[in-house]
Amino acid sequence: MKITLDHVTKRFPNRNKKIHEDVIAVNDFTFEIPDGKLIGLLGPSGCGKSTTLNLISGLEMPSAGRIYFGDTDVTDLPAENRGVGLVFQNYALYPHLTVLDNITFPLGNLRGAEKLTKEQMRAKATEVAKLVQISELMERRPSELSGGQQQRVAIARALVKMPSVLLLDEPLSNLDARLRLQTREELARIQKETGITTIFVTHDQEEAMSISDLIVVMKDGVIHQIGKPQEVYDKPCNLFVAKFLGTPPINVFEGRVKGGKLYIGDDAVLDVKLAENEADGKDASDKKSKDGEREVWVGIRPEGFIPDENGPLSCSLQKIEVMGRDTSVVSTHPAFAGTTIRSIIPSEDTAGIGGETVRFRLKPAKVCIFDRETEKTIEFTQP
Ligand code: ATP
């Protein structure tokens, strides 16, 4: 089922009497979720992820805008008539019911022509239990299950009516690190097998990047970027998105572009040609000065550094952390915007690194340039 949000806004009244403005949890969202895909809604705490999910499920009504499932306008349709399956962080299974009864519970509400016999319910539960691999647990109660198994029961319960849309709100955050990893793979598998359009809320960028077909990066109720995880990682639209994705995070330096060269401090690190509209200074925010110099932020992904004794970027070496296949080289530079630069180097390439200084050349595809004021990406090519 394709889902479309058309200029959707959600305001909540502000409970703080001193502040008269409403809280705008979701601000003018317009995007289309393609049929049968797994979408990760990603952003820092309070950015409006859960509200977006609640608007799609029908648990919240938008203050403005329309929501469509396929071509049908569902904006005024109550949650129970939208055909959505929901899984929350605290998946709240019924403790006194067996796994089987927990899974069949939503089917008990069906009435009229849709009403099912006990046998039909059992058959449907058996089918989804097989899908989420809990067939052998059907007679247990939730207290007799591990966290991961409980999570699977919650997913089975959400799937048993074969919803057209599956909405998952931080479904893995109660699981320990190893189980989280395993369950997220499971989720991706279940989604592929069922083909149900699935929207998955998380603040964990790695989780969203690893299993989503598309990610939606949000901040303060506004969508910043939508795209395939790798595309958004490689070509972030602004500094916020660049910093939000990636572990270790992107390394950000104060830089400038002058005479076709990108400088970090006094080091001319790349030859660059800024995209036409960026270089000609039409943009009101352009900080281009008289002598053609433009102040920018330079973002370099940790994997974008190549150790090279003749490389143009000269950093003070702090320490080397061997992590097995890769080595993390920790260094500093006067133009670095944070505390320490983290570069990830294949261990076999670190032989020459030592002493007080480490020099790098850069992989251009791993370098991003941002306007110093607007923090928007400036496209560039290498002449
Ligand atoms: P988290 O990751 O912390 O769960 P989130 O991205 O899911 O955050 P939301 O729960 O959607 O964020 O909240 C977005 C904003 O709307 C926040 O500022 C929140 O305080 C506010 N908000 C959410 N629900 C209400 C409500 N019922 N009344 C007033 N404000 C609300």
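Counting starts at 1 for both ligands and their atoms, in listed order.
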- Among all protein non-hydrogen atoms, which one is nearest to atom 8 (O) of ligand 1, and what is the separation to 0.1 Å? G46 N, 2.8 Å

- Item | Best match, T51, L53, V201, L55: closest heavy atom to atom 11 (O) of ligand 1 | T51

- Query: Can the positive tip of R184 be found less than 6.0 Å from the middle of the six-membered ring of F200, inside 45° of the ring normal?
  - Reply: no

- Message: Students should be able to answer this: which protein heavy-atom is nearest to atom 16 (O) of ligand 1, and at what distance?
- Response: A25 CB, 3.3 Å

- Query: How does the hydrophobic cluster around I344 look, that is, which other residues are in it when side-chain heavy atoms under 4.5 Å mark a link?
  - Reply: M323

- Taking the six-membered ring of Y263 as reference, does the NZ or CZ atom of K261 fall below 6.0 Å from its centre and within a 45° cone about the axis? no

- Message: In terms of relative ring orientation, are F253 and H333 parallel, tilted or perpendicular, with 30° and 60° separating the classes?
- Response: perpendicular

- Message: Counting non-hydrogen protein atoms only, what is the nearest one to atom 26 (C) of ligand 1? Give residue, atom name and distance.
- Response: F12 CD2, 3.4 Å

- Message: Please find the pair of heavy atoms, one from P229 and one from D213, that lie closest to each other, and give the distance.
- Response: CD-O, 3.5 Å

- Message: I'd like to know if G48 contacts ligand 1, where contact means a heavy-atom distance under 4.0 Å to any ligand atom.
- Response: yes

- Message: Quick check: C47 and ligand 1, any N/O pair under 3.5 Å apart?
- Response: yes

- If you scan protein heavy atoms around atom 3 (O) of ligand 1, the nearest is S45 OG, 2.6 Å

- Taking all non-hydrogen atoms of both residues, which atom of L93 and which atom of R157 are closest, and how far apart? CA-NH1, 3.8 Å

- Query: In the protein, what heavy atom is nearest to atom 20 (O) of ligand 1, and what distance, to one decimal place, separates them?
  - Reply: V23 CG1, 4.9 Å

- Message: To check your reading of the model: name the closest protein heavy atom to atom 10 (O) of ligand 1, its residue, and the distance in Å.
- Response: S50 CB, 3.8 Å

- Query: Are any of the N or O atoms of K49 closer than 3.5 Å to those of ligand 1?
  - Reply: yes

- Query: Quick one: is the NZ or CZ of R301 closer than 6.0 Å to the six-membered ring centre of Y233, and within 45° of its axis?
  - Reply: yes

